[in-house]
Amino acid sequence: MTKEFDLTALLAERGAERYELHAKHLNHQLPRMLRTIGFDKVYERAEGAHFWDADGNDYLDMLAGFAVMGLGRHHPVVRKALHDVLDASLADLTRFDCPPLPGLLAEKLLSYSPHLDRVFFGNSGTEAVETALKFARYATGRPRVLYCPHAFHGLTAGSLSVNGENGFRDGFAPLLPDTPVPLGDVDALARELKKGDVAALIVEPIQGKGVHEAPPGYLRAAQELLHRHKALLIADEVQTGLGRTGKFYAFQHEDGVEPDLVCVAKALSGGYVPVGATLGKDWIFQKVYSSMDRVQVHSASFGSNAQAMAAGLAVLSVMENEEIVANAAAVGERLKSRLEELVDRYELLADVRGRGLMIGIEFGRPRSLRLRSRWTMLQAARKGLFAQMVVVPLLQRHHILTQVSGDHLEVIKLIPPLIIDTADADRFVDAFTEVMDDAHNGGGLMWDFGKTLVRQAVANL
């Protein structure tokens with residue numbers, strides 16, 4: 001007799017094997033890395049901006065699943081929407097009908113950017129970028145896409161072509177025709193556009209790696225220059241969109257910026273069903289889908305599925321009803337201002353920057369000889385180790401999950417759920433202050449851990 005599938009029983013029986021299963025069957029470096037830095041925790045449950053381990057310890061999430069959990073975990077409105085759509089037993093993904101949910105979600109998304117007209121739904125941020133790259137190249141008839149150093153944009157082959165981090169690109173060439181232009185450098189952009197083969201510039205209004213914002217006026221100037229040369233502006237809002245920076249889209253912080261294509265994903269999922277979306281102007285879609293023969297020229301097997309569309313509609317409803325964007329702006333300003341007050345207090349703290357609930361905390365070379373010698377030791381082994389030294393005690397001692405903003409960077413990036421409150425913000429600042437006090441006062445445990453990281457870095461060379 002066939003045994004009925006019981007997920008609860010399976011997790012109870014095999015859940016303790018999680019790290020061994022990953023080591024054996026998935027990315028074997030992940031459990032190794034987690035154990036090295038002391039992040040090999042076992043979390044039992046989660047709600048909102050918090051999760052709990054088996055001992056009942058409460059952890060504050062300042063990472064939000066790399067910005068996926070915009071509404072935190074298990075928001076009741078999103079959960080209900082998914083229960084409702086499953087219970088409706090819809091005839092989903094027939095491929096030969098026009099279901100209502102994709103149209104409704106597209107209509108709602110476009111209401112936040114009235115200059116855009118149409119939406120393509122895929123399954124992820126990198127797929128949203130792939131769509132934008134294809135549409136830009138086809139609509140302009142040109143092959144080359146410009147991007148900025150340190151940009152991310154994704155890891156599939158097309159999006160990797162505009163990824164500004166060599167560590168991700170190495171070994172995967174040849175990629176699409178591309179050229180990096182420094183973020184904020186209008187002259188460099190102009191030089192490339194004069195060559196006449198540029199389809200578009202893709203840019204994150206605030207780069208995830210390092211949390212670097214486009215300089216004031218740059219996006220508007222780039223847009224005007226691109227349009228003068230009949231090229232397009234693509235805004236990658238996969239991480240910055242849906243309220244993250246205190247406005248619905250980060251490009252909206254600069255007047256007059258109206259990108260031709262906009263990529264969103266992550267938070268639109270509600271943390272449940274993967275979804276990506278590429279929003280664009282009507283004329284671009286008209287060119288790509290120019291006839292009935294081309295109706296499927298760009299599509300996605302699971303794009304526009306009912307569960308993803310329901311999650312997206314629920315997310316946008318919650319954002320409006322609970323004033324999520326305003327909360328991100330207000331709590332983000334409090335968090336950032338309190339952190340900025342610490343820059344003069346700690347010589348290891350170089351800068352605090354960002355918008356809304358996307359904040360970068362950068363560390364730098366200290367002035368005093370005692371701290372400088374320790375800093376130099378870490379830098380000689382591997383740049384980025386001091387930031388990791390801060391991240392670890394935040395988790396181990398204070399139960400706060402954060403991340404280093406990128407490989408070889410001395411920057412911690414805060415991208416918490418957009419629902420965090422002032423108490424959560426204050427909890428982080430108080431914990432961060434204690435960690436920095438320890439570092440500046442020669443706290444043995446922290447610097448001893450730094451030596452462990454050095455030994456590990458040398459062993460991995």
Side-chain angles (χ1 to χ4, degrees), residues 25-30 65-68 93 119-140 142-181 198-209 232-242 259-269 271-280 284-285 288-289 294 296-305 308 311-312 403 405-407 415:
H25 300 298
L26 299 167
N27 182 346
H28 60 287
Q29 295 290 2
L30 177 61
F66 298 143
V68 167
L93 297 179
V119 181
F120 174 85
F121 287 115
N123 307 285
S124 65
T126 194
E127 192 171 338
V129 169
E130 294 277 357
T131 300
L133 297 179
K134 286 181 66 177
F135 282 26
R137 296 176 79 201
Y138 192 86
T140 63
R142 298 172 177 175
R144 198 156 56 103
V145 177
L146 307 179
Y147 66 96
C148 299
H150 310 302
F152 183 72
H153 301 308
L155 296 176
T156 48
S159 58
L160 188 62
S161 300
V162 290
N163 190 311
E165 175 54 51
N166 288 334
F168 290 119
R169 296 167 63 99
D170 290 347
F172 296 104
L175 300 171
L176 298 178
D178 60 74
T179 304
V181 291
V198 172
L201 166 71
I202 184 168
V203 62
E204 300 159 294
I206 302 178
Q207 292 185 332
K209 182 172 182 178
L232 307 182
L233 175 63
I234 304 172
D236 181 347
E237 296 270 1
V238 169
Q239 186 165 128
T240 56
L242 275 72
D260 302 285
L261 293 158
V262 175
C263 305
V264 298
K266 289 189 181 287
L268 188 62
S269 68
Y272 282 103
V273 186
V275 60
T278 306
L279 293 69
I284 299 173
F285 277 69
V288 173
Y289 300 107
R294 292 179 59 82
Q296 294 290 347
V297 73
H298 186 73
S299 61
S301 294
F302 289 96
S304 301
N305 72 81
Q403 68 165 134
S405 179
D407 203 19
I415 43 172

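In this text, all values refer to a predicted model and were calculated from it rather than measured experimentally.
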field: Qualifying residues under side-chain hydrogen bond (donor to acceptor under 3.5 Å, both in side chains), relative to His298, sequence neighbours excluded
entry: Thr131, Lys134
query: For Arg294, which residues count as a salt bridge (Lys or Arg N to Asp or Glu O under 4.0 Å) partner, sequence neighbours excluded?
result: none
query: Roughly how far apart are Tyr289 OH and Tyr138 OH, rounded to 0.5 Å?
result: 11.5 Å
message: If we ignore hydrogens and angles and just use 3.5 Å, is the side chain of Asn163 paired with the main-chain N or O of Gly154 as donor and acceptor?
response: yes
statement: For Ala300 and Gly122, the nearest pair of non-hydrogen atoms, with its separation, is CB-CA, 4.4 Å
field: Which atom of Leu133 lies closest to which atom of Gly158, heavy atoms considered
entry: CD1-O, 3.4 Å
query: In Å and rounded to the nearest 0.5 Å, what is the CD to CD1 distance from Glu204 to Ile234?
result: 12.5 Å
field: Thr240 side, atom OG1; Ile415 side, atom CD1 - distance, nearest 0.5 Å
entry: 11.0 Å
- prompt: How far apart are the closest heavy atoms of Phe121 and Ser304, and which atoms are they?
  reply: CB-OG, 3.5 Å
Name every donor-acceptor pair, under 3.5 Å, that has one atom in a side chain of residues 259-267 and the other anywhere in the protein, sequence neighbours excluded.
| unit_1 | atom_1 | unit_2 | atom_2 | d |
| --- | --- | --- | --- | --- |
| Asp260 | OD1 | His227 | NE2 | 3.2 |
| Asp260 | OD1 | Lys281 | NZ | 3.0 |
| Asp260 | OD2 | His227 | NE2 | 2.9 |
| Asp260 | OD2 | Leu233 | N | 2.8 |
| Lys266 | NZ | Phe66 | O | 2.9 |

- line: On a heavy-atom basis, the closest approach of Val275 and Ala308 is CB-CB, 4.0 Å
- line: In short, Ser159 meets Glu130 closest at the heavy-atom pair N-OE2, 3.1 Å
- prompt: Rounded to the nearest 0.5 Å, what separation is found between the CD atom of Glu237 and the CD1 atom of Ile206?
  reply: 8.5 Å
- request: Return the set of residues passing side-chain hydrogen bond (donor to acceptor under 3.5 Å, both in side chains) with Tyr272 (not counting sequence neighbours), or none when no residue passes.
  value: His74
query: Do Val181 and Leu201 come within less than 4.5 Å of each other through their side chains, counting heavy atoms only?
result: yes
Qualifying salt bridge (Lys or Arg N to Asp or Glu O under 4.0 Å) pairs, either residue in residues 144-160, two or more places apart: Arg144-Glu192, Arg144-Asp197
- line: Taking every heavy atom of Ser161 against every heavy atom of Leu175, the minimum-distance pair comes out as OG-CB, 3.1 Å
query: Any chance the rings of Phe152 and Phe168 have centres within less than 6.0 Å?
result: yes
message: Quick check for you: to the nearest 0.5 Å, what is the distance between Thr156 atom OG1 and Phe172 atom CZ?
response: 11.5 Å
message: Contact between Pro177 and Arg137 at the side-chain level, heavy atoms closer than 4.5 Å - yes or no?
response: yes
- request: Say whether, by atom type as modelled, one donor and one acceptor occur between the side chain of Thr278 and the main chain of Val129 under 3.5 angstrom.
  value: no
- prompt: How about Phe302: does its CZ atom have over 12 heavy atoms from other parts shown lying under 6.0 Å from it?
  reply: no
Separation of Asp236 CG from Tyr147 OH (nearest 0.5 Å): 14.5 Å
field: Arg169 side-chain N/O to Gly164 backbone N/O, donor-acceptor pair under 3.5 Å
entry: no
message: For a 4.5 angstrom cut-off between non-hydrogen side-chain atoms, does Val145 reach Asp178?
response: no
message: Do Leu232 and Ile284 have side chains that approach each other closer than 4.5 Å (heavy atoms only, starting at C-beta)?
response: yes
field: Residues that Gln29 engages under side-chain hydrogen bond (donor to acceptor under 3.5 Å, both in side chains), provided they are two or more places apart
entry: Arg32
